[in-house]
Amino acid sequence: MEQAALEATFTANNVWMLVSTVLVFIMHLGFSTLEAGFVQKKNVVNILFKNAMIIAIGLITYWICGFNLMYPGGDFAGGFFGFAGFGLDMPEGAAGLIEYADAGYTYWTDFIFQGMFAATCATIVSGAVAERIKLEPFLVFATLFVAISYPITGMWKWGGGWLDAMGFYDFAGSTLVHAAGGAAALAAVLVLGPRRGKYTDSGIKPIPGHSMPLAAIGVFLLWFGWFGFNGGSVLSADPGAVSLVFVTTSLAAAAGAIGAFFVSWMLFKSHDLSMVLNGILGGLVGITAGADQMLPGSSILIGLIAGAIIPFSVVMFDKLKVDDPVGATSVHLVCGIWGTLAVGIFGAMAGVGQIVTQLIGALAVCAFSFAFSFGLMYALKATMGIRVSEEEEIKGLDIGEHDMEAYPEATGDQIAFN
Amino acid sequence: MEQAALEATFTANNVWMLVSTVLVFIMHLGFSTLEAGFVQKKNVVNILFKNAMIIAIGLITYWICGFNLMYPGGDFAGGFFGFAGFGLDMPEGAAGLIEYADAGYTYWTDFIFQGMFAATCATIVSGAVAERIKLEPFLVFATLFVAISYPITGMWKWGGGWLDAMGFYDFAGSTLVHAAGGAAALAAVLVLGPRRGKYTDSGIKPIPGHSMPLAAIGVFLLWFGWFGFNGGSVLSADPGAVSLVFVTTSLAAAAGAIGAFFVSWMLFKSHDLSMVLNGILGGLVGITAGADQMLPGSSILIGLIAGAIIPFSVVMFDKLKVDDPVGATSVHLVCGIWGTLAVGIFGAMAGVGQIVTQLIGALAVCAFSFAFSFGLMYALKATMGIRVSEEEEIKGLDIGEHDMEAYPEATGDQIAFN
Amino acid sequence: MEQAALEATFTANNVWMLVSTVLVFIMHLGFSTLEAGFVQKKNVVNILFKNAMIIAIGLITYWICGFNLMYPGGDFAGGFFGFAGFGLDMPEGAAGLIEYADAGYTYWTDFIFQGMFAATCATIVSGAVAERIKLEPFLVFATLFVAISYPITGMWKWGGGWLDAMGFYDFAGSTLVHAAGGAAALAAVLVLGPRRGKYTDSGIKPIPGHSMPLAAIGVFLLWFGWFGFNGGSVLSADPGAVSLVFVTTSLAAAAGAIGAFFVSWMLFKSHDLSMVLNGILGGLVGITAGADQMLPGSSILIGLIAGAIIPFSVVMFDKLKVDDPVGATSVHLVCGIWGTLAVGIFGAMAGVGQIVTQLIGALAVCAFSFAFSFGLMYALKATMGIRVSEEEEIKGLDIGEHDMEAYPEATGDQIAFN
Amino acid sequence: MKKIEAIVRLSRFDKVRDALAEIGVKFFTLQDVKGFGLQKGTKMVYRGSVYDSDYIARLQLDILCSDEKADEVVDVIMKAGRTGEVGDGKITVLDAVHCVRIRTGETGPEAV
Amino acid sequence: MKKIEAIVRLSRFDKVRDALAEIGVKFFTLQDVKGFGLQKGTKMVYRGSVYDSDYIARLQLDILCSDEKADEVVDVIMKAGRTGEVGDGKITVLDAVHCVRIRTGETGPEAV
Amino acid sequence: MKKIEAIVRLSRFDKVRDALAEIGVKFFTLQDVKGFGLQKGTKMVYRGSVYDSDYIARLQLDILCSDEKADEVVDVIMKAGRTGEVGDGKITVLDAVHCVRIRTGETGPEAV
Ligand SMILES: Nc1ncnc2c1ncn2[C@@H]1O[C@H](COP(=O)(O)OP(=O)(O)O)[C@@H](O)[C@H]1O
Ligand SMILES: Nc1ncnc2c1ncn2[C@@H]1O[C@H](COP(=O)(O)OP(=O)(O)O)[C@@H](O)[C@H]1O
Ligand SMILES: Nc1ncnc2c1ncn2[C@@H]1O[C@H](COP(=O)(O)OP(=O)(O)O)[C@@H](O)[C@H]1O
């Protein structure tokens, strides 16, 4: 391709990657409102605060070391760990621009797109530990997890590490982002314990979230952002590839809703909105590993199964007394593993060998992420303490940690006229 | 144009079409929050549930048959109906990519962009029938409407059918999407009847929606999405055309707000937010048929008139005891017809002949859509029953259909500290 | 570059500019929800109403005269004022398309992108004067401010006026948009006076906003939109420039959160969500003047300082009895000036001379904007009256100006089942 | 003077209000209350758990009236508020030793 | 012991609170109530319908005090709460047979 | 018949409810109230101002019971509701002259 046309393509590719970055960014609002909707009124400021800080921490640490841990270049040995130094430095001239990724995007685009991804992974944990974790240790946890653990496991595949060499496939991160975040969430929940009053002698006592509209806004925004999450993972604006990814992603999400709809009707004889919302997310997580490998039919099947898994998984975790107010473990860990395996079952790469490879990859990443998080949480528990006092849990973390209310009420403003 | 440059243009075009798809997608969140805001607290879960399912149903049915009903290709006879078979199948090689639409977008892009449109049409109905329709029959209705009725009338124009042959013009769907959805909504409301207690012997008793912020979020998101709805309907990223569409769309929406502002002040001596919000939507619906045909001045006039129509239309429907909690009939049906006619009155195509053609097209589509929906609703009424019991209407559909509340309250959490 | 490739680049550039336009548009929703969240329940309809009208007014007046005041072309004398006539008129053929801005974007794109900017400037004022200003005079104020004052000061730099000639630099509007809006807000607040009961003999009595989730949604949406605000200010899709701007903008916002986090902890021994949210905005405003001039490290510093300024500035204005419910003066005026100066301190243009130039520019624009607004508000006060009655302030403006409530409650619907 | 506190179903409120109006009770005070107890509330489902709501929602009407009128008011509420299903509510009558209309300072029966 | 229930305007609440403080009533219980009746509420507009709100919003103060103090409390509320317009509210005085402070178990006038 | 109004801490509500159940009080009415006074509420921070909330949140339980049972109920609430810190609340006992169950028309002690 001659130069002028190549530059035009480069420009178009880079526009798409930047649009994707913006879309992945807004997933943080999606997570914020989803999690805010699924917690009680008295813990809403806390969850919003955590989410606002996580995106800040995620980006800054990705600048400090995350990016260079995840994409260390040829310097790393053995494919398990590598580090290209602190901070960022754009290669000069065309090397950081048109030549950086074969006219796909620039060095800066690469950093910021990947940085937004990194931050989403930490956010997954925040919902699962909501309503009982102390703010400061959580922020320490989030910082270290996103600065160290996420980039290391990410490097194994996307940075050209051992999983990549092995033939493991994870298009946009069913394992590297979602299952990794979900495994960390599971570890954190296990160390932290359930919310007071959730598992009683007389059975499970649900603690309903305070706002279904906020939760629904969250899920729609996450789907919205997922067009960038998956669409941007093509790493160019290649029309055929990106548009296929749009189709598979959308159909899987739609099928996830339908799967969760029917299964939760079967199980609970009710139309549980929170399940359908989680079903959509399950479908999205499920298709993420193979969004570029599937035809529409397979993507619908993958989504349908992911959506159907959700109600079972939520009930299972509850039976195991793993208290996860937003369903992060079911959505991200369980459906993340399902999606990773699905690459070996459906689509262009299907095959027994691939299933095994996928399984190894998923387990390895989850194991590392779980172990890192478990150890870190444990250390924090022993030092700073990670759980708020019983009294604070009753009062709510908004007053306890922030001296604020989410919905302050003036005297008599419930009905504002006189 | 030589190949490399053509491919670059193709890439840029396709990026724009995908961005438009994403924008149209988020209109579903816009509809969800708008409708949620305009219903009572006790029916919020229900409206969110319906909206989450509609987008899922819309996409899946569009994959099953909708797309091939709407764009059957040269196979159909007479221009009234055609069907290219179930499922999707991307033409091989360049035929599904660069050649598919003259380097405008790919086959997959076409499907997913059109699929998002289809789902919006069904959503229009959901608001109008809110607060009293049973969930299951509504989902059946939405499925059949979006799978069959919408693609058939859509084909008449966009699929190259008889209206297209006649010279009917509907750029982005004032008639094909909005008036069609609005006519279906009207039919559904007529079969269903008004909400209990709305029209009493002592006059009309308004039933205010529970959250103006949600409604406002909805309208802003709809405007946001409309940039993709209209901008994407250029079917390429042609700079002149798309940017003109942006200007006309925005100015019409702005003028719609202003039209509704003044008229509702005149009529009700008050600054009714719900009217201004509906006025914006009216302006957007109004410009949709001719967004690429107008200059700024005409687009302002079209929007102003659309906005001015809204208060009159809302009052008129209320006088006729057509109970539509969100104003879908005024916004989508009335302004949709207005916008379709406006193509014959203003802009590049103005002319008496065109007005007649526009009128025929609008009436034909509305008639079909109305008849289909009326018949279907009637059949559902006779079989499954479409209306919740009086007791359930009082309790609210959230408890009645979903065993949930939208804003669950813990004992004493209104003020969360102690 | 030969023609076909040039056209492809033009298409890609224009796509980016239109995407930016859409992103800047949604900032209006961000402002709406931020401001709605930071006011009391009884004034929410009013703030939403104002925001819906401002975007309408902003666009329509920009069409009437704003655009031609701000970009009068070579016709103006002395660089202080110029006007190219009412309405819009796209230059014919390539002159309005590919040649209009060196293949960067079309004439219509220029108008609509700039129009969205203009409207944001007026919105800044609306939050600061919330909860006590009468609706009609506010709308008159907003109309004249956005139609006259904003384009005049904007022309000084972006329209090629005297500040531009002097070497003043303001990439995306730290001064021209934010400080200008903030200065107008300050003037308006001074004429209007504080809310009843805020500054009492026994000290400052905070009047908490009614919804932190709405406020948080607002800040995330503003950040989201800022990718278009700053990214679009490159005025093409130049991959290197736009992606650098993405990186600096994001890192400054992230650092703003962190700066505000630590300083508000130091000052108030608490984790104040409203401060962190304002800190993010402060970081964004701060980087806006030099987003294309900084490397990541400097952008982090700029954001960190902006975020750290916020708590001090909020406290200072409160001490001065400048009652600004949403912190617009701190965020837009103070951080706007800081960001403008930062261009002379950090990055490619750093230098004592530049600092002086930056200072002159910032002061000149603020002075004009302040004087214009002060005079206009004063005149409105003398004629229409600008402040609601004490009784209306107690009742709330929603009932007083709109005869509506933001959250109407049916009898007993707080708990919707029976 | 009597103060009558009636706890009624939300769905019967309209009927009770209208019935009261008919016997000339044109003003009363209303508040949302929760009936809390050991028996069943409403079936609820949330994230896979089926449970009963802790409480049932009821409206409390406070009515001031003269001693003579009290029986009639109780009677009327009882008739209008009854469905016959468990959960219809209670009416309590208290003695008010004194009652003042703030606007005028009138006391006793004239004040209501 | 008396239990005084005062229903007052939202806009007079600050005045009433301060006036009570001056005579040494330093604690009371507050709740939002709705005044429901046949007369007019507030003019409302929604989607083209102009109507009256069903109810008017009021605050109810519950004050426990000794028998001797009751008259003074009533008096003070009446003065501070009055605007003279229809809708100023009511004060009811009930006899409390018993009153306990949970913290200490003190009863009677010492408990308030 | 007595009407017992108990104002208790939110954090003690569970204990009080269970204690009441043990002595056979299986139904009561609950409402959110605000304790308003001159002493300190909770420390709050908003936009750089540190202040005290105007009020403290409390729950009010209304319990109807027979005259004989009243003392036991008061006793049980006092024990279960006490923390010993300032702010534990009050219990007031009023005389109910009459009490009717709407569903059956039963009156007096049978009605509760
Ligand atoms: N002992 C009591 N004390 C206070 N309130 C009560 C008592 N018993 C019932 N109530 C109130 O009356 C409402 C209905 O009472 P319930 O016992 O369910 O009806 P029924 O008398 O028809 O069995 C309850 O929700 C509660 O608010
Ligand atoms: N008979 C009554 N029983 C209970 N509450 C009443 C009664 N009459 C008035 N109220 C309460 O007092 C408030 C003000 O009463 P209203 O009659 O409007 O004032 P005014 O006495 O000045 O005419 C009402 O909102 C209502 O809550
Ligand atoms: N005189 C009073 N009248 C009405 N309610 C009161 C009175 N004194 C206290 N209360 C109620 O009791 C609650 C707790 O009272 P408080 O005086 O703080 O506790 P303590 O008795 O332990 O000092 C308050 O929130 C208030 O609702």
Side-chain angles (χ1 to χ4, degrees), chain B residues 34 37-40 127-128 195 197-200 202-212 215 260 263-279 281 308-331 412 414-415, chain E residues 3 5-14 16-18 20-21 25-64 85-87 89 99-106 111-112:
Chain B
L34 175 65
F38 277 164
V39 300
Q40 297 167 86
R195 285 168 295 172
K198 174 79 189 280
Y199 304 112
T200 66
S202 52
I204 297 167
K205 201 176 153 295
I207 305 177
H210 85 293
S211 172
M212 293 307 117
V263 172
S264 57
W265 175 250
M266 267 173 39
L267 292 182
F268 320 122
K269 298 280 165 282
S270 188
H271 299 299
D272 187 335
L273 176 65
S274 72
M275 284 295 171
V276 166
L277 295 177
N278 273 182
L281 297 181
I309 289 175
I310 290 286
F312 289 108
S313 171
V314 167
V315 169
M316 177 196 76
F317 279 119
D318 250 353
K319 289 237 169 84
L320 297 173
K321 307 202 176 181
V322 173
D323 183 22
D324 173 356
V326 303
T329 42
S330 298
V331 166
Q414 168 196 7
I415 17 186
Chain E
K3 184 189 177 212
E5 300 180 354
I7 289 166
V8 301
R9 286 182 192 276
L10 275 61
S11 57
R12 286 279 144 162
F13 173 68
D14 287 7
V16 172
R17 183 196 50 199
D18 296 347
L20 286 171
V25 175
K26 47 186 216 323
F27 225 131
F28 54 85
T29 302
L30 187 76
Q31 48 193 309
D32 290 303
V33 299
K34 296 172 185 175
F36 225 93
L38 297 177
Q39 65 271 68
K40 292 210 164 200
T42 303
K43 175 203 164 196
M44 305 283 281
V45 174
Y46 185 75
R47 301 189 64 62
S49 300
V50 181
Y51 65 108
D52 286 310
S53 67
D54 292 337
Y55 57 86
I56 54 177
R58 290 293 179 270
L59 291 172
Q60 177 173 327
L61 287 70
D62 289 356
I63 303 165
L64 285 168
E85 309 277 305
V86 169
C99 172
V100 197
R101 160 171 293 159
I102 294 179
R103 176 163 51 93
T104 56
E106 289 160 290
V112 303

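In the text below, chain A, chain B and the rest are named by the order of the sequence lines, each starting its count at 1. Hydrogens, waters and symmetry mates are skipped; everything else that's a heavy atom, side chains included, is used.
Neither the backbone nor the side chain of B:P311 comes within contact range of chain E, judged by heavy atoms closer than 4.5 Å. For B:V276, no part lies near chain E; criterion is any non-hydrogen pair under 4.5 Å. Within the 4.5 angstrom heavy-atom criterion, atoms from both the backbone and the side chain of B:F38 approach chain E. The contact between B:M212 and chain E is made entirely by side chain atoms (from C-beta outward), counting heavy-atom distances below 4.5 Å.
By the ring-ring contact (aromatic ring centres under 6.0 Å, His included) test, E:F28 pairs with F:F36, sequence neighbours left out.
Atom-to-atom distance recorded for E:R47:CZ and B:I207:CD1 is 12.5 Å, nearest 0.5 angstrom.
The 12-atom threshold is not exceeded at CZ of B:F312, counting heavy atoms of other residues, nucleotides or ligands nearer than 6.0 Å.
Contact between E:S49 and B:D318 at its shortest, heavy atoms only, is OG-OD2, 4.0 Å. For B:K269 against E:K43, the heavy-atom pair with the smallest separation is O-NZ, 3.7 Å. B:D272 and E:G48 make their closest contact through OD2-N, 3.6 Å (heavy atoms, listed as atom of the first residue, atom of the second, distance).
Listed for the E:Y46 side chain is no donor-acceptor partner under 3.5 Å among the backbone atoms of B:S274.
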